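Have a look at the structure below before the remarks.
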Amino acid sequence: MKRKGILVVVSGFSGAGKGTLMKRLLRTYDNYSLSISMTTRAPRPKEQDGREYFFVTKEIFEKEIKQDGLIEYATYCENYYGTPRKYVEEQLDMGKDVILEIEIQGALKIKEKFPTALLLFVMPPTAEELRKRLTGRGTETPEVIRKRLSRAIEEAEGIEKYDFVVINDDLDTCTRELHNLIMSAHNAPFRNEAFIENMRQELRSLVKGEK
Ligand code: ADP
Ligand code: 5GP
């Protein structure tokens with residue numbers, strides 16, 4: 001029986017290491033597809049359109065919302081971010097585990113629309129380490145860093161709604177832990193309803209046949 005893909009949401013404070021971890025996960029294992037979001041934020045120096053994000057204007061983003069082209073979207077620090085529908089649906093149908101690296105409002109919308117989605121939250125080992133990583137990345141101004149750290153305080157209030165929290169201290173350990181959690185999630189009974197029902201029917205026929 002073909003294994004169905006899981007929709008995996010990965011959230012975490014800005015600078016926790018989500019992007020770095022997702023790159024490793026995709027490089028190390030072959031069962032994942034990473035959804036590329038659409039955003040109105042300006043590209044960072046090394047970012048490429050169609051690789052990290054689809055960078056669009058506010059007008060294009062709002063048109064996409066109207067046409068129901070996004071499975072979720074949210075505003076984060078004054079910009080729109082959203083998940084294009086088509087790619088996610090195609091990849092899940094192909095049996096891929098599809099990763100959405102999105103913030104908490106979007107994550108909760110996904111949980112509502114797709115109750116079998118797996119929600120993971122990446123945490124830094126300490127708040128000070130988070131500040132160091134955000135500063136060390138060197139892609140945001142001190143003002144934006146301050147906004148992102150404030151946003152982290154708000155996001156910390158919603159973590160209980162996630163299925164698992166993973167601490168990103170050592171990169172390799174954390175990548176392996178994420179992979180193991182996703183693999184285990186495949187075994188939850190509610191993600192195997194068709195298989196279980198089929199087994200019940202087979203057992204009934206087997207017992208009937210033996211009478
Ligand atoms: P996010 O996508 O969550 O905003 P990034 O992946 O951009 O975070 O990581 C933020 C910064 O922290 C980057 O400079 C990255 O190289 C660094 N970083 C990520 N994970 C670790 C880790 N486990 N140890 C040390 N530095 C890390
Ligand atoms: P950044 O600007 O650092 O790339 O992303 C800012 C925040 O937006 C991060 O928390 C990131 O996970 C989130 N984000 C990225 N894409 C999406 C998306 O498609 N939808 C939602 N809701 N959040 C997103």
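Values below: every heavy atom of this structure, side chains too, minus hydrogens, waters and symmetry copies. Computed from a predicted structure; not experimentally measured.
Judged by distance alone, the side chain of Lys113 and the main-chain N or O of Ile71 form a donor-acceptor pair under 3.5 Å. In this structure, Asn192 contributes its side chain and Phe195 its backbone to no donor-acceptor pair below 3.5 Å. Between the side chain of Arg133 and the main chain of Gly15, no donor-acceptor pair closer than 3.5 Å is present. Although no hydrogens or angles enter the test, the distance criterion places a donor-acceptor pair under 3.5 Å between the side chain of Arg85 and the main chain of Asp68. At distances below 3.5 Å, at least one donor-acceptor pair connects side-chain atoms of Lys111 with backbone N or O atoms of Ala117. At least one donor-acceptor pair closer than 3.5 Å links the side chain of Lys96 to the backbone N or O of Asp30. Formation of a donor-acceptor pair under 3.5 Å by the Asn79 side chain with backbone atoms of Thr75 is not found in this model.
Hydrophobic clustering (ILVMFWY, side-chain heavy atoms < 4.5 Å, transitive): Tyr76 and Val9 are in distinct clusters. Cluster membership check: Val144 does not share its hydrophobic cluster with Leu130, using side-chain heavy-atom separations under 4.5 Å among Ile, Leu, Val, Met, Phe, Trp and Tyr. Hydrophobic clustering keeps Phe114 apart from Tyr81 (ILVMFWY residues linked when any side-chain heavy atoms are closer than 4.5 Å, directly or through intermediates).
Considering only heavy atoms from C-beta on, Thr116 comes within 4.5 Å of Phe190 through its side chain. The closest side-chain heavy-atom distance from Arg51 to Glu47 is not below 4.5 Å. Looking at heavy atoms from C-beta onward, Pro189 lies in side-chain contact with Ile196 at the 4.5 angstrom threshold. Looking only at side-chain heavy atoms (C-beta outward), His186 and Asp97 come within less than 4.5 Å of each other. No side-chain heavy atom of Glu52 sits under 4.5 Å from any side-chain heavy atom of Arg44. Contact check for Ser14 versus Arg137: side-chain heavy atoms found under the 4.5 Å cut-off. A heavy-atom distance below 4.5 Å is found between the side chains of Glu72 and Ile102.
Between Gly19 and Glu101, the closest heavy-atom pair is CA-OE1, 3.7 Å. Closest non-hydrogen pair, Arg191 versus Ala185, comes out as NH1-O, 2.9 Å. When all heavy atoms of Phe13 and Pro124 are compared, the closest pair comes out as CD1-CD, 3.8 Å. Here the closest non-hydrogen pair linking Pro125 and Asn168 is CD-O, 3.3 Å. Closest non-hydrogen pair, Lys18 versus Ser11, comes out as CD-C, 3.5 Å.
One distance of note links CG of Leu92 with OH of Tyr87; it measures 10.0 Å at 0.5 Å rounding. In this structure, the separation between CD on Gln91 and CG on Leu7 is 12.0 Å, given to the nearest 0.5 Å. Atom CG of Leu108 sits about 7.0 Å away from atom CG of Leu119, to the nearest 0.5 Å. Note that OG1 of Thr139 is 10.5 Å distant from NZ of Lys46, once rounded to the nearest 0.5 Å. Distance check: Thr126 OG1 to Lys132 NZ gives 7.0 Å after rounding to the nearest 0.5 Å.
By the 4.5 Å side-chain criterion applied to Ile, Leu, Val, Met, Phe, Trp and Tyr, Phe61 is assigned to a cluster that also includes Ile36, Met38, Phe54, Val56, Ile60, Ile65, Leu70, Tyr73, Tyr80. When hydrophobic residues (I, L, V, M, F, W, Y) are linked wherever their side-chain heavy atoms come within less than 4.5 Å, the members clustered with Leu118 are Ile6, Val8, Val10, Leu21, Met22, Leu25, Leu26, Tyr29, Tyr32, Leu34, Ile99, Leu120, Val122, Phe164, Val166, Leu171, Leu178, Leu181, Ile182, Met183.
Of the N and O atoms on the side chains of Thr175 and Arg24, not one donor lies less than 3.5 Å from an acceptor on the other residue.
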- request: Walk me through it: do Lys58 and Glu62 pass the test salt bridge (Lys or Arg N to Asp or Glu O under 4.0 Å)?
  value: CA-CA 6 Å; Lys58 194 164 170 259; Glu62 286 174 347; 3.7 Å; yes
message: The test is salt bridge (Lys or Arg N to Asp or Glu O under 4.0 Å); show your working for Arg200 and Glu197 and say whether it passes.
response: CA-CA 5 Å; Arg200 287 188 183 122; Glu197 188 45 37; 3.2 Å; yes
Using distance only, find each side-chain donor-acceptor pair of residues 149-158 under 3.5 Å and give its atom names and separation, not counting sequence neighbours.
| unit_1 | atom_1 | unit_2 | atom_2 | d |
| --- | --- | --- | --- | --- |
| Ser150 | OG | Arg146 | O | 3.0 |
| Arg151 | NH2 | Glu103 | OE1 | 2.7 |

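Taking a 6.0 Å sphere around NZ of Lys63, one finds it holds 12 or fewer heavy atoms contributed by other residues, nucleotides or ligands. Crowding of Glu78 atom CD: a count of heavy atoms from other residues, nucleotides or ligands under 6.0 Å not exceeding 12.
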